[in-house]
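Residue numbering restarts at 1 for every chain, and letters A, B, ... go by the order of the sequence lines.
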Amino acid sequence: MTDPALPATRDQASRRAEALRKDIDHHNYRYYVHDDPAISDAEYDSLMRELQAIEAHWPDLLTRDSPTQRVGAAPASQFSQVRHALPMLSLDNAFEEQDLLDFDRRIRERLALNGDVDYVGEPKLDGLSVSLRYEDGVLVEAGTRGDGRVGEDITANMRTVRSVPLRLRGERVPRRLDVRGEVVIRKQDFEHLNRQRLGADQKLFANPRNAAAGSLRQLDSRETARRPLTFFTFGVGESSEPLGNSHAGVLDLLAEWGFRVNAEIGRLSGVEACLAYYRELVERRDSLDYEIDGVVFKVDDLEAREALGFTSRAPRWAIAYKLPAREATTRVRAILPSVGRTGVITPVADLHPVEVGGVIVSRATLHNMDELRRKDVRPGDQVMVRRAGDVIPEITGVNLELRPEDSVPWEMPTTCPVCGSEVLRLEDEVDYRCQGGLVCSAQRIGAVLHFASRRALDIDGLGEKIVEQLVERELVKTPADLFSLEHPTVAGLDRMGDKSADNLIAALKQARETTLPRFLYGLGIQHVGEVTAQRLAEHFGDLDPILRASEDELVQVPDVGPVVAQSIAHFFAEPHNRDVIQALRDAGVRWPVVQGRRDEAPLGGKSFVLTGTLETMTRDEAKERIEGLGGKVTGSVSRKTDYVVAGESAGSKLDKARSLEVPVLDEQALIEMLGGQESAS
DNA sequence: TGTCCTCGAGTTCC
DNA sequence: CTCGAGGACA
């Protein structure tokens, strides 16, 4: 694209620059405040380049509020201070409904009101509070909250934020205005930013808030200009002219002046409406495109606010109702090596109990030594804990400043903490493993639990506590021993009554009727999970041919390569394992021979991904029925997926399906595909 | 040899 | 859900 020629005279240039600024500001506003661009990026860039060219040729035409100034300026050596004319106070917090009811009652008492108070409710964004000072409509200074009275001067950085007007829109603007708001990075922008950093081999940000904080603290505002910051205003600190009589009205004015006002902000009449607003927002928390850590309620009437005034720390007319924290800080009491079914030793952080997302967390896995070193977690450290994927706690970072002086890195023990066997890390493997095999009671417990698990033999009532006791008292050494358990032995265990013992014995009896894939899977052969077990069963039809199969024959099975084949062959060559299998058969464990292949089946070869909650069946039932008709169900969506089945509140998989243009079925469509009848059970 | 996909395995709390 | 690693395929 060729840039237009420069204007001939300074006079023309001045008019053209003026017009360009107006134009660019307008497009900025459309794009960054309303997410609604009117022109293409290329057109926008071309306007920008033209203005830059003019300003470069006639430097005296450059103004402070020119959009070209958003690219940032050369680094400062440090931040200077700004003093807030009107302090940026923190807000009182509410943690439960009663706190909010009390807040409302106090207000009605102070105002001597009987009826409902009008409030404005708004999401409390999890970012950084910033104050922007405008003089005659032009941004002159920006400061962080700091301690509330004095903050850091981040004017250069805030100028680069596209949703901050450098000049207020409209004609009637106050001579002096102090706008308050929150700087955040929106979730989608955050993900994009981290992907970029991953590509550039830079350290990833732990969360959007840290990323926003880091971006604002850049001494080089050119760097800040590259970060996707968004400014949402939540009010006015000080104004040289009165701004009407309601907070909602002030927000309308701010929107007119070109600020981004959160779309969720609403007027609420009475405290019950506030509670409903809160509940509704908690519900939708995940679908908002920015992180929030609470909901703020403010008295709408400005005169009433005046009357209520301030305590020493916070305004009496506002309160922040906190959401259950999803990230919390706590101390690592110890790092404990835990031995799993396969002998893999996993370092687990024993945490000082802390509430995260509504539950008390006291343990978090560190996965393996690589991960532990990457995060550099040590016993005694203060760490941040988050619940990833809504359930599993994860340590996201360490506060190095609070690390004890005498702290030392944790080392993997050289002998197994359970059985004392040697611990080795195989070449090219991440994990350290206990070499004890079934000598190690941790591995025996794991093997028995796996054998009894739902997807294997599905033995009801055989939980962790029971298996631990059985193995530790040497009542059970292998899965086969389970079937010779008798009532008195079982009833003698801790936490085992007469009735539960009966149930367990009955469950064992029933579990003997199984299927070959379940049985194979239950054996716990390395690299043989559910799918591979199914493939083996289909290919060989019964157990004996598998026992006899050579590695070369095993490799013929789909999804089985040299590594898996070797693992299977070694397992069955081990005399101990053959003994266990024989003992299981002697105990009456049996399965029907697997009939031919299922390629002809109605859903033969089709792959499905399930997401969200189905109403008429569980995911497992759906999976079983799809597989019963020859389809397969996998966990993640790819281009090879034939259908995605979306239930209630489907998540990221659904988005992915749409982006890959994979057909999406709703539950009804699935049921029809499965033969039109509802699940029989 | 490199690049997808899948699969396996481990994970916390109630 | 997430990670690591095995298998399929170009």
Round to a whole Å and report the spacing from [atom1] of [X] to [atom2] of [N].
X: A/Ile395; N: B/dG10; atom1: CD1; atom2: C1'; result: 16 Å
X: A/His367; N: B/dT12; atom1: NE2; atom2: P; result: 9 Å
X: A/Asp431; N: C/dA5; atom1: CG; atom2: P; result: 7 Å
X: A/Gln534; N: B/dT6; atom1: CD; atom2: P; result: 17 Å
X: A/Leu336; N: B/dT11; atom1: CG; atom2: C1'; result: 15 Å
X: A/Gln526; N: C/dG6; atom1: CD; atom2: P; result: 10 Å
X: A/Arg455; N: B/dC7; atom1: CZ; atom2: C1'; result: 13 Å
X: A/Leu523; N: B/dG8; atom1: CG; atom2: P; result: 14 Å

Would you indicate, yes or no, if B/dT11 has its OP1 or OP2 atom less than 4.0 angstrom from a side-chain nitrogen or oxygen of A/Arg363?
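No, because none of the side-chain N or O atoms of A/Arg363 sits under 4.0 Å from OP1 or OP2 of B/dT11.
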Worksheet item: When you check the phosphate oxygens OP1 and OP2 of B/dC13, does a side-chain N or O of A/Ser362 lie under 4.0 Å from one of them?
Response: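 Affirmative; the distance criterion is met.
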Identify which nucleotide among [options] has an atom closest to any side-chain atom of [X], counting heavy atoms from C-beta outward.
X: A/Val531; options: C/dG4, B/dG10, B/dC7; answer: B/dC7
X: A/Thr365; options: B/dC7, C/dG6, B/dT12; answer: B/dT12
X: A/Arg341; options: B/dA9, B/dT12, C/dA5; answer: B/dA9
X: A/Val563; options: B/dC13, B/dT11, C/dG6; answer: C/dG6
X: A/Pro393; options: B/dT12, C/dA8, B/dG10; answer: B/dT12
X: A/Thr532; options: B/dG10, C/dG4, B/dG8; answer: B/dG8
X: A/Asn368; options: B/dC7, B/dT11, C/dG4; answer: C/dG4

Would you kindly say whether A/Glu530 and A/Gln534 are connected by a side-chain donor-acceptor distance under 3.5 Å?
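No, no side-chain donor-acceptor pair sits under 3.5 Å.
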*asked:* With no hydrogens and no angle check, just 3.5 Å: does a side-chain donor-acceptor pair link A/Ser407 and A/Arg378?
replied: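 Side-chain D/A pair, A/Ser407 to A/Arg378: present.
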Fill in: Whether A/His527 side chain and A/Val560 backbone form a donor-acceptor pair below 3.5 Å
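Side chain of A/His527 to backbone of A/Val560, a donor-acceptor pair under 3.5 Å: no, none is there.
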Handout entry: Verdict with reasoning, A/Asp481 to A/Arg444, per salt bridge (Lys or Arg N to Asp or Glu O under 4.0 Å)
Key = CA-CA 12 Å; A/Asp481 299 334; A/Arg444 278 214 297 268; over 6 Å; no
Closest-nucleotide ordering on DNA chain B, the 5'-leading residue of A/Val348 and A/Ile525: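 Final value for this comparison: A/Ile525.
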* Between A/Tyr321 and A/Tyr278, what is the ring plane arrangement, given parallel below 30°, perpendicular above 60°, and tilted in between? ->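 Rings of A/Tyr321 and A/Tyr278: parallel, as their planes differ by under 30°.
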